Protein chains: 2
Amino acid sequence: MVDLPDRTTQFIDWYLAVVEAAELTDKRYPVKGLNVWTTYGLRARRRLDALLVQEIERTGSNPVEFPTLIPQTEFAKEAEHIRGFDAQVYWVTRGGETPLDVPLVLRPTSETAIYPVFQKWIRSHRDLPLNVYQIVNTFRYETKTTRPFLRVREIHFFEEHTCQVDDDAATARVRSNLETAKAIVRALALPCAFLRRPEWDKFPGAYYTVALDVPLGEARTLQIGTIHHYRENFSRPYGLLYETATGEQRYVHQTTFGLSERLLGAVVAIHGDQKGVVFPTSIAPYEVVVVPVPGAGADVGSLARDVADRLGRAGVRVVVDTGDERPGAKYYRWELKGVPLRLEIGPREASGGSVTAVDRLGKKGSIPIATLEAGVRGRLAEFDAALYARATERFSTAFRRVDSIEALRDGRAVAVVEWCGAEACGHQIEAAVDGSLLGTPEAPLPLPTLGEPRSCLVCGTAAGTRWAVAGRPL
Amino acid sequence: MVDLPDRTTQFIDWYLAVVEAAELTDKRYPVKGLNVWTTYGLRARRRLDALLVQEIERTGSNPVEFPTLIPQTEFAKEAEHIRGFDAQVYWVTRGGETPLDVPLVLRPTSETAIYPVFQKWIRSHRDLPLNVYQIVNTFRYETKTTRPFLRVREIHFFEEHTCQVDDDAATARVRSNLETAKAIVRALALPCAFLRRPEWDKFPGAYYTVALDVPLGEARTLQIGTIHHYRENFSRPYGLLYETATGEQRYVHQTTFGLSERLLGAVVAIHGDQKGVVFPTSIAPYEVVVVPVPGAGADVGSLARDVADRLGRAGVRVVVDTGDERPGAKYYRWELKGVPLRLEIGPREASGGSVTAVDRLGKKGSIPIATLEAGVRGRLAEFDAALYARATERFSTAFRRVDSIEALRDGRAVAVVEWCGAEACGHQIEAAVDGSLLGTPEAPLPLPTLGEPRSCLVCGTAAGTRWAVAGRPL
């Protein structure tokens, strides 16, 4: 039995303990920030990848995979981008004993790997839109403290790269990505803020950046994804020209959409509780665990196997725990690992024609064996709905409208403020929260009483004032 | 239209042309030997990965993923292994501007990444067997000529690593892997030789190596996989000790099983023909292409969509080609891309209640629309059987029994020879074929007239003489 640190008062310690105790990762690899994907965590990741593939392919995006290594000559072509990443890239300088003529970068993100090849793929407006994505590992030489899934040096990464005929078409792709992002976070039962980052915090090389942020308690937030509009910022240095229907040469407008293993970290951080991980069914390695509860006069083991076989045939991901431990120890372990639904099968169940079902949020009931499959599906759907309702309630209470610089300093919630848009005012807000101005909402925030913004919290200006969110990103 | 080089007389040129024309890869990335997985090739690779996962998990192996970067200190622990790979590893020496204290290797294979962590996972005989696998990219600074899928610098790689209680248990795992390998190559319709490599050609650090080889025409062969028995060669330097039931400390015996994107290259090389790729249905991105053939008085487009919808619902991977080209151009392109079955839907089909079906080996027939799903499944199974029969026939004629050094020199087939087992004789055989002694069969070779081996082709010794295979590995 593992005693987890208190989630409320020692959140990061709790998080670090739970990801290891639930066997999602092993961080005893001999390089800091490079962790091992253990079987259980990797099965969750595979489910997550399958969700991303399903949702992005629905929008007509096609899979590709570009090389991990990027030659310095290509990497350096877009000036802001290289300045943004220069300090945190790994450099390959030798092959065997031979110094490389052109050093290679381990991709920190793949713009500079992909766009030289896009240049060969795009000739005419008939080649557009070009929407492709890849799921690969990226690398960043992190100097900040690393945390499994949240900040690591080898990152499991999803990135879509698109080329569009013009600014409007690229804006439409950003909106499409926003809808895809909403579908993904909904499947994870993760309510999320969609914020357009201020100019000084956008992605290196972007025209603008929309980020997905989730609150982690107090003023803490976690960025779990980004969508960027690049306009022509990369297409010019990489020469991504196309011929229009009327024979003109124009630069494409580009967008990207990035997600990562942080989504898994967010699932742990946000849904987890003092007992351990709580997986939504969408990415749970197992949706159901069946635990035989031995007792007099009943072959509970054989009924447990039958139940699991029926569920498996019905397409439910199920595991039977046939180990020697007492049932209580098994309950404890599968709760720690976050399995949505536990079925208990003892002598009473064996004779009574129904099984006891306890979901990971503690709701108990029984399911008739005659209608097992439908009963289990129903309970899983109820569990997902309850998980989402709980997360939505927590999400809305995580934000607080704040109307003075002094009140920003208390740091007990993510702040929603009125901001004129001026960088100087933004930096004052950031200083007060000891964090970042995360941006302005691209979709309504979950605060019903907000109303229209009136005047900037800092300078009092009314013109152009909008709602903005400030917090302390992890 | 692409005119492919002649497959018989210009095999490598044909191969290089076909992998690009079929859009399996794009090799115009600005670093030699690092190629782009384009959508169609990547979809085939995903099918291949799913096949490997299915077959290895059937034997109780679990997925893991270890980091890409290996510290020099761990990499150097097994002396033969490091000597075997030293000349062809990529070295990461800097993070940002900072020289790394311990340089990192991009994994060329993962023994030295995994075993330091196995050391923490294994305590007792109850932790054994430990059977895990990963599917990751590996890196080799190749100095030989690179070829898509066959010899590249970033390799899509499957590797199983296991720990067993003793030599016998490890031998049993090697046998289990052999059965898994047979199931995989059977699903790819690829007949294969299983050869125990001679001492001087085993994997660096192995006790012995069994390789999977396929013939590529004349004396050429391609190694498409390996299974290694390591005994204690790695467990000693990495300290992989366990406690037996009686309280003794013992070193585990280890095995590995490796496969790679070469399997995809082998499918192209072996099944392909003058029209292009021929995919077995197991990994075909699409099993069926539906081509509407416009004609007077029939809505062939709508019938084509209906047919595709029905097949899609039945779980068949299907694509409808609704483009503007004439049907002949579509036939040509989908033949180039290797789709197993084409359904043609013209006015005759629209009114006659059946569709014309042409498989990729040229067999034509018709399938009643009333029994479309069963008809298509039947035709796909027939196609797979015919493809395997053709490959088996070619495989058996690719080998030739050779009983003199002079005859070895003609190089028109892979040679089957009698060999006493002595290294000196082996090297004479290698010199004569201008290639390698590939090893001794672990499973019977497909040559019915072989009989018992009698005396060494080189020295005439009878004692210990066995059959061996010699050829020119790509």
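Nothing here was measured: the structure is a model prediction, and the numbers come from that model. By convention in this document, chain letters (A, B, ...) are assigned in the order of the sequence lines, proteins followed by strands, and residues within each chain are numbered from 1.
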Counting only heavy atoms closer than 4.5 Å, note whether [X] contacts chain B via side chain, backbone, both or neither.
X        : answer
A/Asp26  : side chain
A/Leu69  : both
A/Arg153 : neither
A/Ile70  : both
A/Thr98  : side chain
A/Val36  : both
A/Phe139 : side chain
A/Arg46  : side chain

> How far does CZ of B/Arg173 sit from CD of B/Glu160, to the nearest 0.5 angstrom?
Replying inline: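 Taking CZ in B/Arg173 and CD in B/Glu160, the distance rounds to 4.0 Å.
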> Taking the six-membered ring for Trp, are A/Trp121 and A/Phe66 parallel (under 30°), tilted (30 to 60°) or perpendicular (over 60°)?
Replying inline: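 The rings of A/Trp121 and A/Phe66 sit tilted, inter-plane angle from 30° to 60°.
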> Taking the inter-plane angle between the rings of B/Tyr238 and B/Phe234 on a 0 to 90° scale, is it parallel (under 30°), tilted (30 to 60°) or perpendicular (over 60°)?
Replying inline: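 The arrangement is parallel - the two ring planes meet at less than 30°.
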Which atoms form the tightest heavy-atom contact between [X] and [Y], and what is the distance?
X        : Y        : value
B/Leu100 : B/Val92  : CD1-O, 3.7 Å
B/Glu154 : A/Pro67  : OE1-CA, 3.3 Å
B/Phe118 : B/Cys163 : CD2-SG, 3.4 Å
A/Ser260 : A/Phe157 : CB-CD1, 4.0 Å

Can a side-chain donor-acceptor contact be found between [Y] and [X] if the only test is distance below 3.5 angstrom?
X        : Y        : result
A/Thr162 : A/Gln254 : no
B/Tyr133 : B/Glu57  : yes
A/Glu74  : A/Thr112 : no

>> If you count heavy-atom pairs within less than 4.5 Å of chain A, which of B/Arg45, B/His156, B/Glu97 leads?
In response: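 Among B/Arg45, B/His156, B/Glu97, the one with the most close pairs to chain A is B/Arg45.
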Please determine, among [options], the option with the most heavy-atom pairs under 4.5 Å with chain B.
options                               : answer
A/Val136, A/Thr93, A/Thr143, A/Val117 : A/Thr93
A/Pro30, A/Pro103, A/Gly41            : A/Pro30
A/Tyr40, A/Tyr90, A/Phe85             : A/Tyr90
A/Thr38, A/Thr68, A/Leu34, A/Leu106   : A/Thr68

> Contact part of B/Arg43 toward chain A, heavy-atom cut-off under 4.5 Å: side chain, backbone, both or neither?
Replying inline: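 Side chain only.
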>> Which atoms of B/Asn137 are under 4.5 Å from chain A, going by heavy atoms: the side chain, the backbone, both sets, or neither?
In response: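 The side chain, not the backbone.
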